Chemist: 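Here it is: the structure, laid out below.
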Amino acid sequence: MAALLFGYASGEDHWKFFLYAGLVIFGAGIFDMVDGRVARATNQVTVFGAFFDSVIDRYSDVALFFGLAGLLRRGRTASSTSELVAS
């Protein structure tokens, strides 16, 4: 989801998409921290679950990088992106 928001960030409202993408990333991080604790608290820990969680984390990282690459490929430079974050 965040990759799509990064990919669509263009025009004058691109900062909104960055904000939304950041909120999605933050929310996903919270859920990623909580799911392991819930599995341990309810005694539902499996080797496959731990492996699957790790693999899905890597796929989400790749999707995030592709979204950022799509944003940068359309002509945004690293300096304009850092100006966006600083403002």
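On a predicted model such as this, the values are computed, not experimentally measured, just so you know.
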Chemist: Is V47 reachable from V55 through a run of I, L, V, M, F, W or Y residues, each pair having side-chain heavy atoms under 4.5 Å apart?
Modeler: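 No, it is not one cluster - the side chains of V55 and V47 are not joined through contacts under 4.5 Å.
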Chemist: CZ of F65 to OG of S60: how many Å apart, nearest 0.5 Å?
Modeler: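 Here the rounded value is 9.5 Å.
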Chemist: Checking T42 side chain against V38 main chain: does a donor-acceptor pair fall under 3.5 Å?
Modeler: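 It does hold such a pair.
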Chemist: Nearest 0.5 Å please: distance from the CG atom of D35 over to the CD1 atom of I56.
Modeler: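 Answer rounded to 0.5 Å: 11.0 Å.
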Chemist: Less than 4.5 Å apart, any side-chain heavy atom of D32 and any of D53?
Modeler: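 They are in side-chain contact.
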Chemist: In Å and rounded to the nearest 0.5 Å, what is the CZ to OG1 distance from F51 to T46?
Modeler: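 Reported value, rounded in 0.5 Å steps: 11.5 Å.
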